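Quantities reported herein were computed from a predicted structural model and do not represent experimental measurements.
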Amino acid sequence: MKNYCLIILALLCACQNPEKDAKPKVEWLGQEVDFNRIQSGINTYHMFDSTQTKVGSMIFGTYFENGKLVSRDTSSFDDGSVYEDAEFTVDTNRFKMEAVSVNMQINTTKLDVDLDANNNTVTGLYRVIRDTTINDYPVDSTYNYDVFRSELYMLMQTLDYKAGDTIRFKALISTSMTVADASIYYVKDEQVTTAAGTFDCTVIHLMTDGKMPQNRIWISKEKPAKIVKFYVPGPELSIELVDSRKL
């Protein structure tokens with residue numbers, strides 16, 4: 001009888017765990033967003049210039065908590081010219097950005113942005129520090145946008161791409177408080193190798209109106225998905241995954 005009870009308990013736990021861990025599927029611009037494609041973890045990237053010389057690093061950390069997706073990234077150039085630390089929180093039940101925080105320093109200029117979002121109304125503070133001069137710009141405005149640029153790269157991992165797909169949207173850029181017209185389209189499937197391993201990937205292209213960089217992006221087909229590589233044509237940067245760890 002004791003063994004029988006243990007078997008029943010094990011079966012009940014096995015049935016409940018997937019339901020407990022399952023994350024909701026919602027839609028964005030007619031595309032199904034599947035948060036089950038995202039795994040809590042830390043991904044580390046290195047940046048390479050056109051000569052394949054390492055010039056910087058990026059670290060992305062992501063976790064789920066109480067129905068929220070929280071993501072934080074830190075990026076910096078090795079010469080100290082640029083440093084950025086950003087965090088955002090998304091309500092996964094409604095697929096709505098709730099908060100964005102960005103701290104960026106370029107040479108002697110520092111930018112601190114802390115925003116809260118409710119529907120398309122954005123409130124918070126935009127602070128610019130140059131040497132010892134501080135300028136604060138309160139934010140309380142309504143913007144016509146579909147996604148924050150901060151959450152865009154996380155969102156890309158939740159979609160299922162196929163030939164002929166083009167997704168057009170407006171992205172709110174928190175570092176400039178402007179809205180960019182942009183689109184994502186499927187390019188091809190390709191295998192790519194980085195220091196983290198060899199991955200079968202879907203290649204997509206992020207096209208923009210110039211208000212934010214264009215990218216070619218390799219997303220692993222495995223689930224949970226991860227961005228394996230970025231290519232930025234402007235400054236000729238290749239950003240490649242070098243390590244991936246589960247939380």
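Tyr143 pairs by the side chain to side chain donor-acceptor pair (under 3.5 Å) definition with nothing, not counting sequence neighbours. Partners of Asp116 under the side chain to side chain contact (heavy atoms under 4.5 Å, CB included) rule, at least two apart in sequence or in another chain, are Ala99, Thr123. Taking the side chain to side chain contact (heavy atoms under 4.5 Å, CB included) definition, one finds that Thr142 meets it with Asn120, Thr121, sequence neighbours left out.
In the hydrophobic clustering of this structure, Met207 groups with Leu155; members are Ile, Leu, Val, Met, Phe, Trp, Tyr whose side-chain heavy atoms approach within less than 4.5 Å, directly or through other members. Note on Val100: it clusters hydrophobically with Met177, by side-chain heavy-atom contacts below 4.5 Å among ILVMFWY residues. In terms of hydrophobic clustering, with Ile, Leu, Val, Met, Phe, Trp and Tyr side chains grouped at heavy-atom distances under 4.5 Å, Ile129 and Val82 are assigned to different clusters. Criterion: ILVMFWY side-chain heavy atoms under 4.5 Å apart, direct or through other members. Under it, Phe64 and Val90 are part of a common hydrophobic cluster. Side-chain heavy atoms closer than 4.5 Å link hydrophobic residues (I, L, V, M, F, W, Y) into clusters, and following such links, possibly through other members, connects Phe230 to Val55.
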(request) Step by step, work out the salt bridge (charged side-chain N to carboxylate O under 4.0 Å, His left out) result for Arg245 and Asp243. (result) CA-CA 7 Å; Arg245 292 181 288 132; Asp243 184 61; 3.4 Å; yes

(message) For a ring pair (Phe, Tyr, Trp, His ring centres under 6.0 Å) check, start with the C-alpha distance between Tyr185 and Tyr161, then their side-chain angles and the critical distance, and finish with the verdict.
(response) CA-CA 8 Å; Tyr185 71 85; Tyr161 302 94; over 10 Å; no

(request) Report the C-alpha separation of Arg37 and Asp160 in whole Å, then their side-chain angles, then the decisive distance to 0.1 Å, and conclude whether the salt bridge (charged side-chain N to carboxylate O under 4.0 Å, His left out) test is met. (result) CA-CA 10 Å; Arg37 290 175 176 267; Asp160 186 19; 3.7 Å; yes

(request) Could you check Ser57 against Ser75 for side-chain contact (heavy atoms from CB on, under 4.5 Å), going step by step and ending with a plain yes or no? (result) CA-CA 6 Å; Ser57 300; Ser75 58; over 6 Å; no

(message) Evaluate Phe48 against Ile239 for side-chain contact (heavy atoms from CB on, under 4.5 Å), listing each step before the verdict.
(response) CA-CA 6 Å; Phe48 301 93; Ile239 305 169; over 6 Å; no

(request) Give the C-alpha distance, both sets of side-chain angles, the deciding distance and a yes or no for side-chain contact (heavy atoms from CB on, under 4.5 Å) between Met104 and Tyr83. (result) CA-CA 6 Å; Met104 177 185 289; Tyr83 174 86; over 6 Å; no

(request) Kindly indicate, with the supporting measurements, whether the criterion side-chain contact (heavy atoms from CB on, under 4.5 Å) is fulfilled by Arg127 and Leu111. (result) CA-CA 6 Å; Arg127 170 174 288 178; Leu111 176 66; over 6 Å; no

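Between Leu237 atom CG and Met47 atom CE the span is 7.0 Å, to the nearest 0.5 Å. With values rounded to the nearest 0.5 angstrom, Tyr186 atom OH is found 3.5 Å from Asp189 atom CG. Between the CG atom of Asn135 and the CZ atom of Arg130 there is a distance of 7.0 Å, given to the nearest 0.5 Å. Between the CD atom of Glu84 and the OG1 atom of Thr74 there is a distance of 9.0 Å, given to the nearest 0.5 Å. Here the straight-line distance linking atom CG of Asp91 with atom CG of Asn66 works out to 11.0 Å at 0.5 Å rounding. Distance CD/Glu151 to CE/Met156: 11.0 Å, rounded to 0.5 Å.
Side chains of Ile173 and Phe148 form no contact here, defined as non-hydrogen atoms less than 4.5 Å apart. Between Leu125 and Tyr137, every side-chain heavy-atom pair lies at or beyond the 4.5 Å cut-off. Looking at Ile217 and Ile219, their side chains come closer than 4.5 Å, going by heavy atoms from C-beta outward. With contacts defined as side-chain heavy-atom distances shorter than 4.5 Å, the pair Met97/Phe88 qualifies. At a threshold of 4.5 Å between non-hydrogen side-chain atoms, the residues Thr202 and Lys221 count as touching. Taking 4.5 Å as the limit, every side-chain heavy atom of Met58 sits out of range of all side-chain heavy atoms of Thr44. Side-chain contact between Met212 and Leu152: present, with at least one pair of heavy atoms (C-beta onward) separated by less than 4.5 Å. A heavy-atom distance below 4.5 Å is not found between the side chains of Leu206 and Gln214.
Pro213 approaches Thr208 most closely through the heavy-atom pair O-CG2, 3.6 Å. Of all the heavy atoms in Val102 and Ser174, the pair that sits closest is CG2-OG, 3.6 Å. When all heavy atoms are compared, the tightest approach of Tyr45 to Ile227 is OH-O, 2.6 Å. The minimum heavy-atom distance between Ala117 and Tyr145, with the atom names listed, is CB-OH, 3.9 Å. Nearest heavy-atom pair, Thr92 versus Gly67, reported as atom, atom and distance to 0.1 Å: OG1-O, 2.9 Å. Summarising the geometry of Leu115 relative to Gly124, their closest heavy-atom pair is CD2-CA, 4.2 Å, with the distance given to 0.1 Å.
Listed for the Asp209 side chain is a donor-acceptor partner under 3.5 Å among the backbone atoms of Asp181. Within the 3.5 Å criterion, the main-chain N or O of Lys170 finds a donor-acceptor partner in the side chain of Asp146.
Tyr231 pairs in a side-chain hydrogen bond (donor to acceptor under 3.5 Å, both in side chains) with only one of the listed residues (Glu236, Arg216, Glu240), which is Glu236.
Aromatic rings from Tyr153 and Phe60 are positioned such that their centres are separated by 6.0 Å or more.
Donor-acceptor pairing under 3.5 Å is lacking for the side chains of Thr194 and Lys229. Residues Thr89 and Glu87 bring no donor and acceptor atom of their side chains to less than 3.5 Å of each other. Remark: the Ser220 side chain and the Lys223 side chain contain no N/O donor-acceptor pair separated by less than 3.5 Å. Thr158 and Asp34 form no side-chain donor-acceptor contact under 3.5 Å, judged by distance and modelled atom types alone. In the model, Thr133 has no side-chain atom that pairs as donor or acceptor with a side-chain atom of Asp131 under 3.5 Å.
In summary, Arg72 and Asp85 engage in a salt bridge, as defined by a charged side-chain N under 4.0 Å from a carboxylate O.
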